[in-house]
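Scroll down for the structure; my scribbles are underneath it.
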Amino acid sequence: YDMHGNVREWTQDRWQDDYTETPTDGAPMLGGHSALHVVRGGCYQDPASVVRVTARGRASAIDKLPMIGVRLVRELN
């Protein structure tokens, strides 16, 4: 809720240039480029046109940037 414009969200998906091999069951894309992960959304430094849930970029696991964060998730059973 109300998270747009805070930080880009680090995801488990590995970066690939297109969606041709993306799993159809919602599982993370674990193939693709081994050193890059997908980051989603926009951050406080981005123009308004990028601050949207469909915005997609890439980042290395060793990048330590203040505009990339994580979203903690807890499954309720």
Side-chain angles (χ1 to χ4, degrees):
Y1 173 76
D2 216 10
M3 295 181 62
H4 291 307
N6 187 7
V7 294
R8 295 177 193 136
E9 182 180 340
W10 179 268
T11 69
Q12 188 176 4
D13 293 326
R14 298 291 172 95
W15 176 261
Q16 58 180 4
D17 294 327
D18 55 39
Y19 293 104
T20 56
E21 296 182 30
T22 303
T24 58
D25 63 356
M29 176 60 187
L30 300 177
H33 196 287
S34 63
L36 298 174
H37 283 260
V38 174
V39 291
R40 292 237 175 233
C43 74
Y44 58 91
Q45 292 182 331
D46 291 329
S49 61
V50 180
V51 182
R52 55 194 172 88
V53 72
T54 57
R56 180 176 175 261
R58 62 184 178 215
S60 169
I62 61 171
D63 289 339
K64 293 180 178 148
L65 303 170
M67 72 277 300
I68 298 176
V70 297
R71 181 181 302 181
L72 300 177
V73 177
R74 184 180 122 195
E75 289 187 28
L76 299 175
N77 293 348

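The structure presented is a predicted model; accordingly, all values stated were derived computationally and were not measured. Residue numbers start at 1 and run along the sequence shown.
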Any side-chain heavy atom of Met67 sitting closer than 4.5 Å to one from Asp46? no
Locate the shortest heavy-atom distance separating Arg40 from Thr11; write the atom from each residue and the value. CG-CG2, 3.9 Å
Hey, does Asp13 have a side-chain heavy atom less than 4.5 Å from the side chain of Arg58? no
How close do Pro28 and Pro23 get, counting heavy atoms only, and between which atoms? O-CG, 3.8 Å
Between Asn6 and Tyr44, what is the shortest heavy-atom contact and its length? O-CD2, 3.2 Å
Considering non-hydrogen atoms only, spot the tightest contact between Val39 and Ala59 and give its length. CG1-CB, 4.0 Å
CD/Glu9 to CD1/Ile68 distance, rounded to the nearest 0.5 angstrom? 11.5 Å
Shortest non-hydrogen contact from Gly57 toward Trp15: O-CZ3, 3.4 Å
Among Met29, Arg8, Gln12, Arg56, find the one that has a side chain to side chain contact (heavy atoms under 4.5 Å, CB included) with Val38. Arg56
For the hydrophobic clusters of this structure (ILVMFWY residues joined by side-chain heavy atoms under 4.5 Å, transitively), does one cluster hold both Leu30 and Tyr19? no
